[in-house]
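We count ligands from 1, going down the list as the structure has it; atoms in each ligand are counted the same way. One-based numbering along the sequence shown.
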Amino acid sequence: MGHHTATVCLWLALGSLTPVSFARVVEPRDPVPQGYHAASYYPAPHGGWVSSWREAYEKAYALVSQMTLAEKVNITSGVGIYMGPCVGNTGSVDRLGFPQLCLQDSALGVASADNVTAFPAGITTGATWDKQLMYARGVAIGKEFRGKGANIHLGPSVGPLGRKPLGGRNWEGFGSDPVLQGKAAALHIRGVQEQGIIATIKHLVGNEQEMYRMYHIFQEGYSANIDDRTLHELYLWPFAEAVRAGVGAAMTAYNAVNGSACSQNSYLINGILKDELGFQGLVMSDWLSHISGVGSALAGLDLNMPGDTNIPLFGNSLWQYELTRAVLNGSVPVDRLNDMATRVVATWYKFGQDKNHPRPNFSSNTRSRDGPLYPGALFSPSGQVNWFVNVQEDHYLVARQVAQDAITLLKNNDSLLPLDAGDLTGGKLSVFGTDAQVNPDGPNSCLARACNKGTLGMGWGSGIADYPYMDDPIGAIRKRVPDVKFYNTDSFPWFFGTPENDEVAMVFISSDSGENTLTVEGNHGDRDSAKLRAWHDGDKLVQKVAEKFKNVIVVVHTVGPLDLEPWIELPSVKAVLFAHLPGQEAGESLTNVLFGDVSPSGHLPYSITRKASDLPDSIANLKGFTWGQVQDTYSEGLYIDYRYLQKHSIQPRFAFGHGLSYTNFSFTNATIRAITTPLSVTPPAPPATRPASVVAKYSTDIPPASEAYEPAGFSRIWRYLYPWLSKSDADAAHAIGTSKSKTYPYPPGYSTVQRASFPPAGGGEGGNPALWDVAYEVTVRVTNTGKRPGKASAQLYLQFPEGIEYDTPVLQLRDFEKTKELQPGESQELKLTLTRKDVSVWDVRRQNWVVPTAIDDKKGFTAWVGEASDKLKVACYTGEGRCVEGAKQPV
Ligand SMILES: *[C@@H]1O[C@H](CO)[C@@H](O)[C@H](O)[C@H]1NC(C)=O
Ligand SMILES: *[C@@H]1O[C@H](CO)[C@@H](O)[C@H](O)[C@H]1NC(C)=O
Ligand SMILES: *[C@@H]1O[C@H](CO)[C@@H](O)[C@H](O)[C@H]1NC(C)=O
Ligand SMILES: *[C@@H]1O[C@H](CO)[C@@H](O)[C@H](O)[C@H]1NC(C)=O
Ligand SMILES: *[C@@H]1O[C@H](CO)[C@@H](O)[C@H](O)[C@H]1NC(C)=O
Ligand SMILES: *[C@@H]1O[C@H](CO)[C@@H](O)[C@H](O)[C@H]1NC(C)=O
Ligand SMILES: *[C@@H]1O[C@H](CO)[C@@H](O)[C@H](O)[C@H]1NC(C)=O
Ligand SMILES: *[C@@H]1O[C@H](CO)[C@@H](O)[C@H](O)[C@H]1NC(C)=O
């Protein structure tokens with residue numbers, strides 16, 4: 001999250017009145033449905049054994065070895081919300097030159113800052129299905145964070161994955177499929193981190209709805225109850241890809257998994273993220289989700305954000321001075337604190353931030369030049385806080401390219417599109433809908449974009465950036481057809497003549513969602529009120545326009561799928577475009593497609609069903625209020641989105657991956673080649689012992705109490721969070737720790753002995769490195785057989801052999817590529833790959849990835865390649881080593 005105004009802050013403060021009694025959340029827990037269990041996993045694995053991180057850890061060791069107890073504690077926590085320029089500000093160790101780290105939202109640009117680019121949202125980026133653009137957008141975002149002096153970029157978001165169509169924050173990620181999310185996230189991370197900015201993969205895990213996500217005095221955050229195989233094959237998948245890509249930071253989710261809050265879930269952080277996935281960076285909490293001090297440290301959390309308890313601004317923390325106390329009194333092992341501090345410092349070194357990294361030159365708290373340095377302190381010194389550094393460079397170009405290449409043509413009867421501007425002059429084009437024009441109050445007028453007024457370019461909450469401008473559709477349309485008639489209303493005019501047969505109408509509709517901290521038109525983050533209907537009676541507007549006009553184009557700005565049934569089959573609704581959430585570049589990107597400068601090339605990053613109930617209740621609906629902990633059980637297992645629809649042979653209105661063009665493509669001359677042969681059933685075992693970590697070299701003795709004393713004469717900022725204790729508190733804690741007169745009630749299974757071996761699925765960043773061995777390589781020649789230039793999307797879906805011992809979805813996306821813009825007749829060969837992991841299932845009993853085989857299995861795996869999950873053109877069989885065109889797809 002991360003909000004920048006006192007209003008939101010106060011709201012948060014009141015909304016999350018703190019209970020100290022949250023210790024009980026660690027153990028015992030509220031009952032979760034039978035069969036779900038949050039296991040203990042201790043101790044937290046040391047970081048620093050992966051070779052690509054070794055140098056950074058050695059440098060970190062050299063620095064952290066010199067730190068006192070209070071200094072180590074200082075860098076594992078924020079100094080309090082609104083206590084510095086960024087949404088998160090860590091403590092520093094000025095004595096040794098380790099600065100405060102600036103953590104800043106959001107995944108689509110620098111939030112709460114001037115002179116930045118408002119990039120298209122994640123969902124829009126996913127809809128491009130273009131790896132180069134996913135990377136290029138990451139590069140540009142990374143540059144802007146660096147230009148503003150941030151250290152840590154709070155993105156990308158892959159959790160929520162998009163399990164629930166009504167989920168509020170799906171648009172921050174890339175689409176309802178783990179491979180689309182995972183590849184997009186990895187490319188984003190690479191782009192961002194190459195700029196010396198630490199990326200953050202979030203939110204681990206199961207934050208698939210907004211309502212009831214947070215722990216507060218009246219209720220625990222909901223529990224996402226996820227079985228092991230579903231976790232590995234769906235929700236964890238993109239996190240594994242991110243770790244594999246070397247992501248420097250990870251953020252836990254607000255909610256619980258299997259009854260244990262993610263910020264202190266030892267199985268998730270220690271077991272899954274740090275041990276199995278071999279994560280080397282730092283793990284932070286989501287904002288104000290820290291609910292236990294000792295418990296979260298033992299469970300593997302490394303950084304508490306923004307430092308406060310879940311009631312901010314009173315100067316209370318469960319870490320800082322309490323963590324100092326917990327180390328002195330022996331409850332949190334010194335070894336754990338060493339690892340925490342080393343992870344933070346090593347990540348900073350890994351991305352070269354020790355060398356000429358700019359300091360923040362902007363403030364999240366105000367857009368004025370001057371302001372309080374610590375607004376959270378109430379009485380604060382003031383000074384210059386904004387330097388108005390313009391970091392936009394030419395990033396509007398990549399932003400526009402993403403917005404344009406994401407535009408998804410769902411339907412185009414009678415080839416109504418592209419339009420010819422010349423045919424439309426003389427008042428033959430009419431545009432309806434307030435979504436066509438920028439919010440008349442200004443694109444940034446609503447706090448945290450929490451309103452749906454004017455062109456919808458992004459959802460609301462923390463996942464936003466300020467628009468430097470909004471290139472709105474109507475402005476761009478006027479440049480093509482100056483005498484366009486614009487009806488800036490969402491209700492059809494009362495008196496309306498009869499248009500000529502050749503007149504064209506365009507209707508703009510929208511659907512918004514966001515973060516649960518703010519409610520918009522009755523939607524509490526999730527689309528709980530609007531559901532899948534267009535907002536502002538948009539469906540009725542389309543129907544009315546379609547009654548009058550013979551040629552109607554519907555343009556949709558949306559966070560996710562919509563129910564299109566009220567009008568999709570009307571004969572005059574000839575063309576439908578999903579422009580998703582384009583950010584600042586909504587106009588020209590759209591007119592380039594509408595008027596045929598380019599062919600549309602976006603494809604749906606989710607399915608659009610005919611009715612919400614085509615999906616099972618567990619995902620079609622949001623969890624409502626219940627007393628106690630809301631239980632959100634993933635009873636549908638692997639079967640979300642197209643995986644569910646295909647299993648049950650339900651025809652969606654528009655399938656996952658669907659997207660039309662103004663031209664046609666053929667897929668020919670496909671080949672498949674086995675690369676890793678033979679492919680053993682499980683990956684080769686990781687090394688028997690894990691390489692030593694520098695963290696094991698520190699002393700683990702409880703340090704002298706004096707390392708925690710507040711320096712004499714230190715002048716505190718009111719309510720700021722510090723790591724120091726009074727002399728008497730420090731001495732008392734130290735006495736307990738050294739005499740062991742009191743012991744901490746450790747959770748069952750607690751241990752301080754580092755594991756000597758890796759889990760079978762572990763051994764490298766992202767898991768066992770052999771999981772990324774290329775098992776098969778598929779090539780296909782894509783030819784533009786139509787009359788206009790265009791880009792084709794090639795999507796590879798895997799079908800497991802029949803007769804294997806695992807139930808698997810019929811088809812699963814495994815890779816994708818996009819052609820360059822092909823001229824008519826031009827062709828391009830694309831290469832797609834299947835890794836060992838791609839052809840494996842997670843075997844719960846073996847706790848490993850298994851390549852399943854069937855007796856009598858000659859065909860082997862089938863790699864289907866085509867333009868959409870329902871438009872597969874080529875089938876390649878691994879067993880026979882050949883590909884055929886025109887085979888009938890299994891669903
Ligand atoms: C949740 O419980 C299920 C069933 O016991 C288990 O398979 C799974 O690993 C658990 N997940 C987590 C993250 O604890
Ligand atoms: C902790 O960080 C704050 C903020 O940078 C700084 O004022 C304070 O001196 C630091 N404390 C220690 C022990 O380094
Ligand atoms: C961008 O920076 C300039 C100064 O370089 C400033 O005048 C302008 O107000 C800034 N823009 C915004 C939107 O704050
Ligand atoms: C702001 O960042 C720029 C680089 O983007 C840097 O040159 C400048 O020193 C920074 N300003 C401040 C006040 O730190
Ligand atoms: C040590 O201090 C921590 C933080 O205040 C507290 O939670 C824990 O119970 C203390 N342990 C003992 C053994 O007193
Ligand atoms: C519109 O096109 C679709 C296929 O693209 C076709 O199934 C449908 O019948 C067409 N509808 C009309 C009214 O022409
Ligand atoms: C693409 O091919 C289909 C079937 O061959 C044809 O009906 C359609 O008109 C073609 N579309 C374009 C844009 O050429
Ligand atoms: C592609 O296959 C066709 C036959 O289907 C063949 O005539 C053609 O030469 C092949 N093209 C290439 C580039 O291999």
Side-chain angles (χ1 to χ4, degrees), residues 29 32-41 66-80 83-86 89-102 204-206 223-233 235-236 239 252-253 255-262 264-273 276 299 307 317 319-321 323-324 341 359-360 373-374 631 633-635 637 666-671 706-711 714-717 720-725 779-783 827-829 842-845 847 874 883-886:
R29 307 184 175 104
V32 295
Q34 232 186 344
Y36 294 93
H37 170 62
S40 283
Y41 201 104
Q66 304 171 54
M67 290 185 186
T68 64
L69 170 61
E71 287 169 341
K72 291 180 199 172
V73 166
N74 211 28
I75 60 172
T76 66
S77 180
V79 294
M83 290 298 184
C86 305
N89 306 279
T90 67
S92 60
V93 184
D94 303 336
R95 187 175 67 85
L96 300 173
F98 189 80
Q100 289 194 277
L101 300 183
C102 159
L204 188 74
V205 66
S223 175
N225 304 312
I226 315 178
D227 68 80
D228 191 27
R229 186 167 164 212
T230 300
L231 181 75
H232 278 86
E233 292 190 23
Y235 301 96
L236 192 65
F239 287 90
T252 58
N255 52 280
V257 168
N258 287 9
S260 172
C262 288
Q264 52 188 29
N265 186 316
S266 66
Y267 182 79
L268 268 183
I269 309 175
N270 290 340
I272 295 282
L273 183 61
E276 188 182 316
S317 182
W319 280 5
Q320 290 288 21
Y321 52 93
L323 183 57
T324 303
R359 300 297 311 139
L373 304 181
Y374 320 103
Q631 300 295 325
T633 299
Y634 288 37
S635 51
S666 69
F667 286 49
T668 61
N669 300 75
T671 66
S706 58
E707 289 194 14
Y709 298 167
E710 180 167 327
F714 185 82
S715 136
R716 281 176 172 253
I717 300 160
Y720 202 86
L721 302 173
Y722 295 102
W724 295 296
L725 292 173
T779 62
V780 64
R781 179 155 293 277
V782 179
T783 307
S827 63
Q828 184 182 349
E829 186 173 272
W842 177 253
D843 186 300
V844 172
R845 190 177 46 81
Q847 288 292 293
V874 173
C883 303
V884 299
E885 286 164 34

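With a 4.0 Å cut-off on non-hydrogen atoms, I226 touches ligand 1 through its backbone and not its side chain. Residue F98 does not touch ligand 2, judged by heavy-atom distances below 4.0 Å. By the criterion of a heavy-atom distance under 4.0 Å, both the backbone and the side chain of D228 are placed next to ligand 1.
Atoms of ligand 1 found under 4.0 Å from any heavy atom of H37 (numbered from 1 in listed order, with element): 1 (C), 2 (O), 5 (O), 10 (C), 14 (O). Proximity to Y720 (heavy-atom distance under 4.0 Å) selects the following atoms of ligand 2: 4 (C). Less than 4.0 angstrom separates some heavy atom of G91 from each of these atoms of ligand 2: 2 (O). Every atom of ligand 1 with a heavy atom of V257 under 4.0 Å away is listed here by number and element: 13 (C). For ligand 2, the atoms closer than 4.0 angstrom to any heavy atom of E71 are 13 (C), 14 (O). Per-residue contacts place R781 under 4.0 angstrom from the following atoms of ligand 8 (heavy atoms of the residue considered): 13 (C). Those atoms of ligand 2 that come under 4.0 Å of a heavy atom in Q100, given as number and element, are 4 (C), 5 (O).
Here NE2 of H232 is found 11.5 Å from CD1 of I226. Values are rounded to the nearest 0.5 Å. Note that the CZ atom of R781 and the OG atom of S666 stand 10.0 Å from one another [nearest 0.5 Å]. The distance from atom NZ of K72 to atom CD of E707, rounded to the nearest 0.5 Å, is 7.0 Å. To the nearest 0.5 Å, the span separating OG1 on T779 from CG on N669 amounts to 8.5 Å. In this structure, M83 CE and I717 CD1 are separated by 7.5 Å, a value rounded to the nearest 0.5 Å. Atom CE in M67 sits 9.0 Å away from atom CG in N74 (nearest 0.5 Å).
Counting heavy atoms from C-beta on, the side chains of I272 and L236 come closer than 4.5 Å. Looking only at side-chain heavy atoms (C-beta outward), V874 and E885 come within less than 4.5 Å of each other.
Protein heavy atoms come within 4.0 Å of atom 1 (C) of ligand 8. Put simply, atom 7 (O) of ligand 8 has no protein non-hydrogen atoms near it, under 4.0 Å away.
If you check which protein heavy atom lies closest to atom 4 (C) of ligand 1, you get G35 O, 2.5 Å. Residue, atom and distance of the protein heavy atom nearest to atom 14 (O) of ligand 8 are N669 ND2, 3.1 Å. When only non-hydrogen protein atoms are considered, atom 13 (C) of ligand 2 lies nearest to W724 CZ2, 3.3 Å. If you check which protein heavy atom lies closest to atom 10 (C) of ligand 2, you get N74 ND2, 2.4 Å. N258 ND2, 2.9 Å is the protein heavy atom nearest to atom 11 (N) of ligand 1. Distance from atom 5 (O) of ligand 2 to its nearest protein heavy atom, with residue and atom name: S92 OG, 2.6 Å.
For Y374 and Y720, the gap between ring centers is short of 6.0 Å.
Residue V257 is tested with L231, V205, N225 for a side-chain contact (heavy atoms from CB on, under 4.5 Å); the sole match is V205.
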For V780 and E829, run side-chain contact (heavy atoms from CB on, under 4.5 Å): C-alpha distance rounded to whole Å, both residues' side-chain angles, the deciding distance at 0.1 Å, then the answer.
CA-CA 6 Å; V780 64; E829 186 173 272; over 6 Å; no
